[in-house]
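Presented below is the structure to which this report refers.
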Amino acid sequence: MCRLAMKTANEPFSPYEVLQAMEAMQEGYDGSGLGLLLRGVEFTDFNYKSSHPILSGIAHTRDAMHRLNKFMQSKGFVLKYDHEFDLDTSNIEAKDRFKYFVQVYKKPEAWDSMSKEEVEDQLTMIRLAIRRDGEENGGDLTVYSFWPDVIMIKEVGWPLQVGDALGLDSGRIKARICMAQGRQNTNYGINLYACHPFFIQGISTMTNGENTAFIPIKDWLTGRHYPAYIGYQSDSEVFTHILHYVTRQLKLPLEAYKHVITPLKTEELKEHPQGDFLLGLRNACRRLIIDGPNCIMGSLPDETCILTMDAKKLRPATIGGKPGEWAMASEMCGVDAMIPDRDRSLDFQPMREHTVVVPPERQEFKIWSQFDPFPLPQAA
Amino acid sequence: MVSIRSISSTPSSLSINDMPWIVEHNESRCTLCGQCTSVCPMGAIKLKYMRKRMPKMVLNASERSNTFKIFVGIRQRTNVEHRCIGCGMCASVCPNQAIKPVFNPIIDRMRYQSTKGGNAVKRGGRRNVPGPNLLDRILFDRISMLTDPALDAGRHEFELNTLLGRVLPPEEFLRRKMSGEWIPPVREIFPFIIGSMSFGALSPNMWLGLLQGVAYCNEVLGIPVVMATGEGGCPPWVLKSKFLKYIILQIASGYFGWDEIIRAIPEMKCDPAAIEIKYGQGAKPGDGGLLMWFKVSKLIARLRGVPEGVDLPSPPVHQTLYSIEESVMKMIQTLSMAWNFKVPVYPKISGSTSAKAVLNNLVRNPYAAGLLIDGVDGGTGAAYNVSMDAMGHPIASNLRECYLDLCAQGRQNEIPLFAAGGVGKNGNVTQNGMALIMLGASGVHMGKYIMQAAAGCLGSENNRCNVCNIGICPKGITSQNPKLYRRLDPDKVAERVVETFKAIKTEMKKIMAPLGRSQSLPIGMSDALGIEDKAVAERLQIKYVC
């Protein structure tokens, strides 16, 4: 079972804090992977404008890096900043890491006339093209995200070792949100793309536990023929894609996510004020019902953070903190490590019907239950 | 000594060794009570006076050396009409265990003589292929042990139900819901369905017992079991009762029983579970239904609107329509309209290499509520031997192909596929059904299994009994003769139906729990399946395990 830690704060902080929380939960992972997602980023060496997309990934060879740069130039991107990590590769097992790239780009001028959706689609297509290029060249290029205000780092190894190797303790990169996952490899091979968090169009989630309904869900998502519904090196990637499908494709409110992945039972829906609508939604999205046990943590482009559980509720995920600063972790000791000076009596462990939402202003977290009225006026 | 010429020997002469079943009778235990001969549905055995010579050693030349003794014994008849069918009713009524039929393992010669009068052989029942079928050989091999602990089948809550009805793509559902348009009806049902067996094929007591059992499952146990009628309608009191909601009404090419159904619509208290349009049957593809005259009793004749005692062969296709595409489209729409678009309407076809063509046609028909594919191992009340033995397509690969085809189109959530044909034929009903579900079926229909489990049908894959067609069912399951069907107590059938579904429910949990599945029926969870046969694994796109 993997371990999850996530912190969101109004004041940007070093991701190393979250890695230290991972250390507190170290019984739960085996060093088969660490994934980090940073949102709301700051660089000490560069005055970052949050509208510029950041490309994150690994070039495994000099040739791959060269190809990538040429590709980005050919698409009309202007490189504004290329972050150089203070590398200490002795702590990294893999030897084929030519460069961990975190590159800030200015969008091509031709994109200025595009709508927001078009720009977002284009950014996704660029990321997919780079990924494909890497796959066609023996996997020499790995790309995690290409999105404004988002950095992703994934590497095989123990979280703290990876953090030290990349010099994350130097505080040169800070962020308002940091999601981290220490992976316990289960069914699928050790693969950089299998590390959480997963990312698609600004939406990111990470999970622990295993989703035994993976294959039917994957088959269904693949059948959408949406270009970015690919990958699935991990059974947990479907959680991210379902969140994307529900909020971006179906344009449903965030609360619908929980009703899709863990719908209420028929007898419960009969009592629900929007039971008729939710029953229909459950039927229509039947293939997206997950089968945990899982704890799901996610963050959205507007810096909203969510925490929710599968319907079996076998996991002890906890949220705690104080106004302006909240931490979520798969185990309570992770929350303790991230925000020790909090009122622990206000900690909350969501049950099977809950979605915990930390809104962007971070003054409080909201507990939303599936039994509450569903916020969709037309559905009533 | 008897002269050779007086022995009757014609081309059709048979001895008991030529018969498929040989009656073994132990004279020393027989009390001559006559129960076996009176219960035998075929009249295959008879009590007969027989004479035997008693040789005697005598020294006096004036006396004869032999005496003759007259005794009463059991004799097996050796003509086709009176063949022993192995049903074993004689053994079950004998107070002294003095008689039983024994399967003749050599290829019987009787089969070459069964075409008397130029009539090709017909039978009811099953395909007669003994041994494990493909579904029996599938293993559920993805056991949860690490991060996804196996669940406790006894204590955990499981979602076992499935959906019958057209499910809209989520985008379309939302659009229609917001604009208040029609949303196709969807039923939440138990995935093991009592397959279509007609009122006519089944005796009134069997039918009543099934319905009682189904009602109990729904109303007392909360297991939403539904049962399908075959062609031939439904008793009027059922049509007007609240039990109609547990019934899938079938319309087939003879339209038998539909006068009564249509007339009853205004008085119906609830809608039926669904309407099944039969285009084909796995056991006899390309054939219409067949109710032989033996079974067209007064009641059946009235329900079907026909004279008593005539053969009722339904045409192989729906004659009123020009093509299957048109037929499917028009009939689905017409029947949907009859119930105000509130009842799912789906076709049943026989397994066939052309099943995918039908499916793709349905995908484009917004009113089609599903597709039932009936494989070659399905049963029937009456069919020609050649149809049952040689025609058809096994269900597993047919279903799998259709499911994968839907996956490629991203429509696998929309048209539920139901599978039938040999589910539980060797008793492994839950294992067979769950294997089909994980191959992509939304549920399975079972007929023979229910007849065996709920009513003690005697049929077996060795052509035991299998006389459902001629109305002499010794258990009273498929007979319209009151003397026979009164043997079957509907209450006891109902009790067995309930016990059967309770057991299936438990077994489903015992399969799903180790797979770590409890939140939804594992439709299409092919990663959980393995088989020790490379070719099958490749064909079904599941794992080869050894």
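Quick caveat, the model's predicted, so the values are computed rather than measured. Letters A, B, ... mirror the listed sequences (proteins, then strands); counts begin at 1.
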What pair of heavy atoms forms the shortest contact from [X] to [Y], and how long is it?
X        : Y        : answer
B/Ser518 : A/Lys312 : OG-CE, 2.9 Å
B/Gly410 : A/Trp220 : O-NE1, 4.2 Å
A/Tyr245 : B/Glu171 : OH-OE2, 2.8 Å
B/Gln412 : A/Pro216 : NE2-O, 4.5 Å
A/Arg287 : B/Asn413 : CG-OD1, 3.5 Å
B/Gly524 : A/Asp219 : O-OD2, 4.4 Å

Relative to chain A, which segment of [X] carries a heavy atom at a distance below 4.5 Å: side chain, backbone, both, or neither?
X        : result
B/Glu172 : neither
B/Leu163 : both
B/Ser179 : neither
B/Pro170 : both

(message) Any side-chain to backbone donor/acceptor pair from A/His225 onto B/Gln409? Under 3.5 Å, distance only.
(response)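 Looks like no, no N/O pair under 3.5 Å.
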(request) Flag the pair B/Glu188 and A/Arg282 as a salt bridge only when some basic side-chain nitrogen lies within less than 4.0 angstrom of an acidic carboxylate oxygen. (result)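 Salt bridge present between B/Glu188 and A/Arg282.
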(message) Just to be sure I understand the criterion: a residue of residues 506-513 of chain B counts if one of its heavy atoms is under 4.5 Å from a heavy atom of chain A. Which ones qualify?
(response)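 Within residues 506-513 of chain B, no residue comes under 4.5 Å of chain A, counting heavy atoms only.
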(request) Check whether A/Leu221 gets within reach of chain B through its side chain, its backbone, both or neither, counting any heavy atom under 4.5 Å. (result)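 Nothing of A/Leu221, per the 4.5 Å heavy-atom cut-off to chain B.
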(message) Just verifying a value: how many Å separate A/Ile215 CD1 and B/Cys407 SG, rounded to the nearest 0.5 Å?
(response)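 Separation between the atoms: 10.5 Å.
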(request) Flag the one option from B/Met438, B/Arg175, B/Glu157 with the top tally of heavy-atom pairs under 4.5 Å to chain A. (result)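 It is B/Glu157.
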(request) Compare all side-chain heavy atoms of B/Asp527 with those of A/Phe214 and state whether any distance is below 4.5 angstrom. (result)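 A side-chain contact under 4.5 Å is absent here.
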(message) Contact between B/Lys177 and A/Leu281 at the side-chain level, heavy atoms closer than 4.5 Å - yes or no?
(response)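 The answer is no; the side chains never approach within 4.5 Å.
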(request) Check step by step if side-chain contact (heavy atoms from CB on, under 4.5 Å) holds for A/Arg286 and B/Ile523. (result) CA-CA 10 Å; A/Arg286 173 161 65 136; B/Ile523 300 167; 3.4 Å; yes
